[in-house]
Amino acid sequence: MAERVTIEAAPRSVVGKQVKHLRREGRLPANVYGRGLPSRAIEIDAREFARTIKSAGLRAMIELRVTGEPNPRYVILRGIARAHGTGEPIHVDFFQVDPERPITANVPLRLVGEAPAVRDLAGTLLPGIEIVSVRCRPLDIPDTIPVDIAPLKSFDSVLTVGDIVPPPGVEILTDPSVVVASVAKPRIRGQRGG
């Protein structure tokens, strides 16, 4: 399961052009919304947000704790507006998910172990796809899905998406026939004639 990160937030009453005062104080204006939920204006600490996103990544599941609300909101980052398009964040949109309702997400694959065809036959490991599409509850989204490459014993061996064993509660949606990894034969250096 993906490690959840927490961001503290406060309700925001400052809107429109007045938000520049918030930014000067190190606060980042944001909105949180979801299916069937009204949009709520909030503010978060700009430094805390930058640190969190740097360590957890843009696809992290975030536990948003809004002052005055009894329960945390489980959100994913939906959008970041940046100064001049590429600068510091100036506004953030969070999408609140229902923790019990499955969603679709992309999860990176992580090749683990050792392939005998590489170790014993001097082959070259050829990674295929790096990401698979999965369906699961938001709190069950894994950071990565490990794929053991030990079955790659010969140059004819191929690992496909269908060979991946997903974590409990996670369904892989990517076509099972898609190649995840294979091993290429070593190149034979030809002699040059003169």
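We count residues from 1, following the sequence as given.
Within the 4.5 Å cutoff, no side-chain heavy atoms of Tyr74 are placed close to those of Pro138. A heavy-atom distance below 4.5 Å is found between the side chains of Leu28 and Pro89. Residues Ile44 and Phe94 are in side-chain contact: their nearest non-hydrogen atoms beyond the backbone lie under 4.5 Å apart. Side-chain contact between Arg101 and Ile103: absent, with no pair of heavy atoms (C-beta onward) separated by less than 4.5 Å. A heavy-atom distance below 4.5 Å is found between the side chains of Val180 and Leu111. Counting heavy atoms from C-beta on, the side chains of Glu43 and Glu25 never come closer than 4.5 Å. Between Val92 and Leu77 there is a side-chain heavy-atom pair separated by less than 4.5 Å. Taking the side chain as every heavy atom from C-beta outward, Val75 and Ile7 never approach each other to under 4.5 Å.
The number of heavy-atom neighbours closer than 6.0 Å to CZ of Arg119, taken from other residues, nucleotides and ligands shown, is above 12. By the 6.0 Å contact criterion, CD on Glu8 is enclosed, its count of non-hydrogen atoms from other residues, nucleotides or ligands being greater than 12. Summarising the local packing, CD of Glu88 is surrounded by 12 or fewer heavy atoms from other residues, nucleotides or ligands at distances under 6.0 Å. Residue-environment remark: NE2 (His21) exceeds the threshold of 12 foreign heavy atoms within 6.0 Å.
At least one donor-acceptor pair closer than 3.5 Å links the side chain of Thr160 to the backbone N or O of Pro176. Under the 3.5 Å distance criterion, the side-chain polar atoms of Thr67 are matched with a main-chain donor or acceptor of Ala9. In this structure a side-chain-to-backbone donor-acceptor pair under 3.5 Å is present from Thr174 to Ser133. When atom types are taken as modelled, the side chain of Arg23 and the backbone of Ile90 share a donor-acceptor pair closer than 3.5 angstrom. Checked by atom type and distance alone, the side chain of Arg12 pairs as donor or acceptor with a backbone atom of Ala30 at under 3.5 Å. At distances below 3.5 Å, at least one donor-acceptor pair connects side-chain atoms of Arg82 with backbone N or O atoms of Gly87.
Scanning both residues, Val107 and Pro142, for their nearest heavy atoms gives CG1-O, 3.5 Å. Taking all atoms of both residues into account, the shortest heavy-atom contact from Val118 to Leu125 is CG2-N, 3.8 Å. Here the closest non-hydrogen pair linking Asp140 and Val170 is O-CG2, 3.7 Å. Ala181 and Leu152 get closest at one heavy-atom pair: O-CD2, 3.9 Å. For the residue pair Asp148 and Leu159, the shortest heavy atom distance occurs at O-CD1, 3.3 Å. Closest heavy-atom contact between Pro108 and Asp143: CD-O, 3.3 Å.
A chain of hydrophobic side-chain contacts below 4.5 Å, direct or via other Ile, Leu, Val, Met, Phe, Trp or Tyr residues, connects Ile129 to Val147. Side-chain heavy atoms closer than 4.5 Å link hydrophobic residues (I, L, V, M, F, W, Y) into clusters, and following such links, possibly through other members, connects Ile53 to Val32. Hydrophobic clustering keeps Val179 apart from Ile131 (ILVMFWY residues linked when any side-chain heavy atoms are closer than 4.5 Å, directly or through intermediates). Under the 4.5 Å side-chain heavy-atom criterion for ILVMFWY residues, a single connected hydrophobic cluster contains both Ile42 and Val5. The cluster map of Ile, Leu, Val, Met, Phe, Trp and Tyr, joined by side-chain heavy atoms under 4.5 Å apart, puts Val112 and Leu109 in different clusters.
Annotation: the span from Leu173 atom CG to Thr104 atom OG1 amounts to 5.5 Å, rounded to 0.5 Å. Here CZ of Arg73 is found 7.0 Å from CG of Leu37. Values are rounded to the nearest 0.5 Å. Between the CD1 atom of Ile76 and the CG atom of Leu64 there is a distance of 12.5 Å, given to the nearest 0.5 Å. Note that CG of Asp98 and CZ of Arg137 are 10.0 Å apart. Values are rounded to the nearest 0.5 Å. Rounding to the nearest 0.5 Å gives a distance of 13.5 Å between CZ of Phe95 and CD1 of Ile62.
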Give the C-alpha distance, both sets of side-chain angles, the deciding distance and a yes or no for side chain to side chain contact (heavy atoms under 4.5 Å, CB included) between Met61 and Val97.
CA-CA 9 Å; Met61 175 65 59; Val97 297; 3.9 Å; yes
Test side chain to side chain contact (heavy atoms under 4.5 Å, CB included) on Arg40 and Gln96 and set out the steps.
CA-CA 11 Å; Arg40 173 112 197 237; Gln96 184 171 340; over 6 Å; no
Test side chain to side chain contact (heavy atoms under 4.5 Å, CB included) on Asn31 and His91 and set out the steps.
CA-CA 8 Å; Asn31 280 69; His91 189 276; 3.0 Å; yes
Taking it one step at a time, do Thr6 and Arg65 satisfy side chain to side chain contact (heavy atoms under 4.5 Å, CB included)?
CA-CA 7 Å; Thr6 303; Arg65 295 188 171 273; 3.8 Å; yes
